[in-house]
K.L.:
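Sharing a structure below in structure tokens format, with a few things to ask.
Whatever order the structure lists ligands and atoms in, that order sets their numbers, starting from 1. These values consider heavy atoms only, across backbone and side chains, with no hydrogens, waters or symmetry-generated copies.
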Amino acid sequence: MIKVGVVYHSVCGSTRTLAEAIVDGINGNPGCEGGAFAIEGAHIIQGRYHNPELMLRLDQCDGIVFGSPTFMGSVSAQFKAFMDAASERYSGRGWVDKLSAGFTIGSNFSGDQLNTISTLQIFASQMGMLWVPLDIVPSQDAEGRNRSGCQSGLVAVLESEGAVHELDYHTALYMGGRIGRLLGRFQQL
Ligand SMILES: Cc1cc2nc3c(=O)[nH]c(=O)nc-3n(C[C@H](O)[C@H](O)[C@H](O)COP(=O)(O)O)c2cc1C
């Protein structure tokens, strides 16, 4: 069974909705099992993220998708605490060669979400992971997915407090499906 973890932080629920859509997309592939893992503030003690169980679950995954709301033009403080805690895996090279991808949401159309995606992409590179970009060309997509036009990852724009736009939801489903499909192909090599 191919395993993919979707690790995210969410305050009002929109990032969680995207994470769950990505998991649904992953699970749409036979032989793939996706799981959503929330970063909780309760696991941050004196500024440090501590959740060894989550790290062990992620160790067992073939791919990890990272998601954070865009807060002040970057990942949330809670997600950054998780990234810093993952530095244990950096030195141990624990996540090398796993597939990775990223998603974010902000309330503005150009609210600096790309910086969040770039931060996630650089994080994945530091970990030695393989980054999967979004391959939907918006002008060529009959369903209108990837409406923000970002290719590096999924950039969503908030519909209303906690609510995700339908097209962003479908882009998230697609992203999960693509990760699962690619992992299936790699398994056959
Ligand atoms: C502290 C804070 C900073 C934010 N900064 C940005 C920002 O820089 N750009 C943006 O587009 N939206 C920004 N937002 C809006 C959030 O990204 C948006 O509400 C998002 O959907 C929250 O995700 P959640 O529903 O998963 O908590 C900010 C919100 C908060 C509370």
K.L.:
What protein heavy atom lies closest to atom 22 (C) of ligand 1? Include the residue and the distance to one decimal.
P.N.:
Pro69 CB, 3.7 Å

K.L.:
Would you confirm whether Glu143, through its side chain, and Thr171, through its main-chain N or O, come within 3.5 Å as a donor-acceptor pair?
P.N.:
no

K.L.:
Give the single entry among Ser107, Ser14, Ala156 that approaches atom 24 (P) of ligand 1 most closely by any heavy atom.
P.N.:
Ser14

K.L.:
Listed by chain and number, what are the side chain to side chain contact (heavy atoms under 4.5 Å, CB included) partners of Gln187, not counting sequence neighbours?
P.N.:
Ile2

K.L.:
Could you tell me, atom by atom, which parts of ligand 1 come under 4.0 Å of a heavy atom of Cys12?
P.N.:
24 (P), 25 (O), 27 (O)

K.L.:
Can you run down the salt bridge (charged side-chain N to carboxylate O under 4.0 Å, His left out) pairs that involve residues 41-55, sequence neighbours left out, and say none if there aren't any?
P.N.:
none

K.L.:
For ligand 1, which atoms have a heavy atom of Val11 less than 4.0 angstrom away?
P.N.:
24 (P), 26 (O), 27 (O)

K.L.:
Of the protein's non-hydrogen atoms, which lies at the shortest distance from atom 9 (N) of ligand 1, and what is that distance?
P.N.:
Gly111 O, 2.8 Å

K.L.:
Below 30° counts as parallel, above 60° as perpendicular, anything between as tilted: where do the rings of Phe66 and Phe82 land?
P.N.:
tilted

K.L.:
With a 3.5 Å distance limit and no angle check, can you tell me whether Asp141 reaches the backbone of Ile136 through a side-chain donor-acceptor pair?
P.N.:
no

K.L.:
Side chains of Thr116 and Thr70: do they bring a donor and an acceptor to under 3.5 Å?
P.N.:
yes

K.L.:
Closest non-hydrogen protein atom to atom 10 (C) of ligand 1, residue and atom name please, with distance?
P.N.:
Asn108 ND2, 3.4 Å

K.L.:
What do we get for Leu158 next to ligand 1 when only non-hydrogen atoms under 4.0 Å count, side chain, backbone, both or neither?
P.N.:
side chain

K.L.:
Is there a side-chain contact between Thr15 and His9, using heavy atoms and a 4.5 Å cut-off?
P.N.:
no

K.L.:
What's the shortest distance from atom 31 (C) of ligand 1 to any protein heavy atom, and which residue and atom give it?
P.N.:
Phe71 CE2, 3.9 Å

K.L.:
Starting from atom 16 (C) of ligand 1, which protein heavy atom do you reach first, and at what distance in Å?
P.N.:
Thr70 O, 3.7 Å

K.L.:
For atom 8 (O) of ligand 1, what's the nearest protein heavy-atom neighbour? Residue, atom name and distance, please.
P.N.:
Gly73 N, 2.9 Å

K.L.:
Among all protein heavy atoms, pick the one closest to atom 5 (N) of ligand 1 and tell me residue, atom and distance.
P.N.:
Met72 N, 2.8 Å

K.L.:
Does an N or O anywhere in Gly106 fall below 3.5 Å from an N or O of ligand 1?
P.N.:
no

K.L.:
Within a distance under 4.0 Å of any heavy atom of Ser10, pick out the atoms of ligand 1 and give their elements.
P.N.:
24 (P), 26 (O), 27 (O)

